[in-house]
*Asks:* 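Structure below; questions to follow.
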Number of protein chains: 2
Amino acid sequence: MRISELSDRTGVTIPTLKYYLREGLLHAGEAQSATRAVYDDSHVERVRLVRTLIDVGRLSIERVREVVDALEHPPPSRHQLLGVVHEALRPHPAPEPPTTEAVDRVRALGAPGCDESLASTQLAQALSAAAAGGWVVEDATLRVWQRAMHAVAETDVAEELGSIAPADALRHAIVGTVLTDPVLLALRRVAQEALSAERFGSADPEDGVT
Amino acid sequence: MRISELSDRTGVTIPTLKYYLREGLLHAGEAQSATRAVYDDSHVERVRLVRTLIDVGRLSIERVREVVDALEHPPPSRHQLLGVVHEALRPHPAPEPPTTEAVDRVRALGAPGCDESLASTQLAQALSAAAAGGWVVEDATLRVWQRAMHAVAETDVAEELGSIAPADALRHAIVGTVLTDPVLLALRRVAQEALSAERFGSADPEDGVT
DNA sequence: AATTTTGGAGAGTCATACTATCCAAAGTCA
DNA sequence: TGACTTTGGATAGTATGACTCTCCAAAATT
């Protein structure tokens, strides 16, 4: 297919596709002459991936380029896969380095240290930021959350890592993370509303006085 | 205190503070003369809130303004509080409207319909986006996640809604949500890495073939 | 032959979030 | 008292990111 058809099939304008080509987010089509190149399903899929990362994951163009570069050099070993995923989706811009107190709490949870694991670093940074913002997360609360997210991660690892090729596993894991993080946060909110309604009946006219 | 001290205490430059004043993110100090105004702890606290919303929550200036406006008109009724919080922190820019299929799935979970609840709308939109991105969330998986996030929400509602004044409860809930969402996502990643290491031992040299 | 499309390159646009400059009045300190 | 600094307020400028537009000449289509 030509670029106009790629545009039609993805809903992305031709100038934007050209921009993605320039920026290295989209691999070049097969050149047939100086003014003709042909694109295929891999391009359609790539454009959709890029749009998902940008629209849902709110990744910058630069970060998307890192993701597609990683896709073209998938890790040979399955146990490195999540590391690559988590690196690709790490928050931007980089948060402050964590306090030692936060690092200790992460270790106390039984997670690997920040030197070994990017996810541990992110957790320590998130806990630091919470503390800096004046929010205290009790140890008991943290452990409840840990158990809850462990249950979530079991479905992730079960689903994500079937015996498929590394590049597919990587794309699957990245897309899955980007698309399901918002689902989890929305589920939290739905549950909050349910519990709130349960406790302060939704038609209580006398609420709110102090 | 004068603006220079406010700047020193918050780490935000004077030009930026003036910008926040202009944009209505920061309430004016008490004017003492044409060229003198005095700021107090409420200003320090507000600046810190604004920075948290911007740096951690990645909210736009416009959205931050909505949040501070809401803080100055807190909902009289406690059961409306979460609605205000969720509206203030809704994703930006607005996602596509959800498919009817996604809306049905949300209702099947026992959550209120999208007409009644912003969180339900967000969930339906997140599920729609996942489906559009080619990601299938099994019903069984979704229920596991729902239970997990319900456990999380119990700690939220318990902590968030002590018997404090509406404005404080609102600020507390907003800051808590912004600061703890990243903690949850990081916990998910940590758990993923732990499970992945458990299943594909972290020093297995024969992984990756196929 | 006339028209349309393409690849490629460069410049232009738009929004967001600051930063910088200016000013005159007001305060501070020697 | 008088030089120096700070302030509030207004206006203009900058940096970045993500496109979007314009041009061109060589194909390709009609």
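A, B, ... follow the sequence lines: proteins, then strands. Residue 1 opens every chain.
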*Asks:* Under 4.0 Å from any atom of DNA chain C, heavy atoms only: list the residues of residues 32-51 of chain A that qualify, in numerical order.
*Replies:*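 Result for residues 32-51 of chain A: A/Ala34, A/Thr35, A/Arg36, A/Ala37, A/Tyr39, sorted by number.
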*Asks:* I need the CE-P distance between B/Met1 and C/dG27, as an integer number of Å.
*Replies:*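 About 19 Å, once rounded to whole Å.
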*Asks:* What integer distance in Å separates A/Arg65:CZ from D/dG17:C1'?
*Replies:*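 So the two atoms are 12 Å apart, to the nearest Å.
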*Asks:* Just how far, in rounded Å, is P of D/dT20 from CD1 of A/Ile61?
*Replies:*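 It is 11 Å, rounded to the nearest whole Å.
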*Asks:* Take atom CD of B/Glu30 and atom P of D/dT7, then tell me their distance rounded to the nearest Å.
*Replies:*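 Roughly 17 Å, once rounded to whole Å.
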*Asks:* Where the side chain of A/Ile3 is defined as all heavy atoms beyond and including C-beta, which of C/dC18, D/dT20, C/dT6 is the nearest nucleotide?
*Replies:*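 Taking heavy atoms from C-beta onward, the closest nucleotide is C/dT6.
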*Asks:* How long is the straight-line distance from CG of B/Leu17 back to CZ of B/Arg46, given to the nearest 0.5 Å?
*Replies:*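 Result: 13.0 Å between the selected atoms.
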*Asks:* Backbone N or O of A/Ile3 within a donor-acceptor pair of the A/Ser7 side chain at under 3.5 Å?
*Replies:*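 Checking the backbone N and O of A/Ile3 against the side chain of A/Ser7, no donor-acceptor pair under 3.5 Å is found.
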*Asks:* Name the residue closer to the 5' end of DNA chain C, choosing between A/Ala31 and B/Leu59 according to the nucleotide with the nearest heavy atom.
*Replies:*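 Going by which nucleotide is closer to the 5' end, it is A/Ala31.
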*Asks:* A/Thr16 side chain N/O closer than 4.0 Å to the phosphate oxygens (OP1, OP2) of D/dA18?
*Replies:*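 For D/dA18, neither OP1 nor OP2 has a side-chain N or O of A/Thr16 closer than 4.0 Å.
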*Asks:* Give me the atom names and distance for the closest heavy-atom approach of B/Pro74 to B/Leu170.
*Replies:*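 Here B/Pro74 and B/Leu170 meet closest at CA-CD2, 4.2 Å.
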*Asks:* Of the non-hydrogen atoms in A/Ala124 and A/Ala102, which two are nearest, and what is the gap between them?
*Replies:*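 Minimum heavy-atom separation between A/Ala124 and A/Ala102: O-CB, 3.4 Å.
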*Asks:* Between A/Glu66 and A/Arg63, is there a salt bridge with N-O shorter than 4.0 Å?
*Replies:*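 Salt bridge present between A/Arg63 and A/Glu66.
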*Asks:* Please state how far atom CG in A/Leu17 lies from atom C1' in C/dG8, giving the value in whole angstrom units.
*Replies:*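 In whole Å, C/dG8 C1' lies 14 Å from A/Leu17 CG.
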*Asks:* Under 4.0 Å between a Lys/Arg side-chain N and an Asp/Glu carboxylate O for B/Arg9 and B/Asp41?
*Replies:*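 Yes, this pair counts.
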*Asks:* Quickly work out the B/Ile14 CD1 to C/dT21 C1' distance and round it to whole Å.
*Replies:*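 Computing the B/Ile14:CD1 to C/dT21:C1' distance gives 14 Å.
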*Asks:* Is the B/Trp135 ring parallel, tilted or perpendicular to the A/His172 ring (thresholds 30°, 60°)?
*Replies:*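 Ring orientation, 0 to 90° scale: tilted.
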*Asks:* Measure from CG on B/Leu21 to P on D/dA10 and round the result to the nearest Å.
*Replies:*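 So the two atoms are 11 Å apart, to the nearest Å.
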*Asks:* Take atom NZ of B/Lys18 and atom C1' of D/dA10, then tell me their distance rounded to the nearest Å.
*Replies:*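 Going from B/Lys18 (NZ) to D/dA10 (C1'), I get 9 Å.
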*Asks:* Of all the choices, C/dG7, D/dT6, D/dA10, which nucleotide is nearest to the side chain of B/Arg22 once you look at every atom?
*Replies:*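 Taking heavy atoms from C-beta onward, the closest nucleotide is D/dA10.
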*Asks:* For D/dA18, take OP1 and OP2 only and decide whether either is under 4.0 Å from a side-chain N or O of A/Tyr20.
*Replies:*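 No, no such contact exists.
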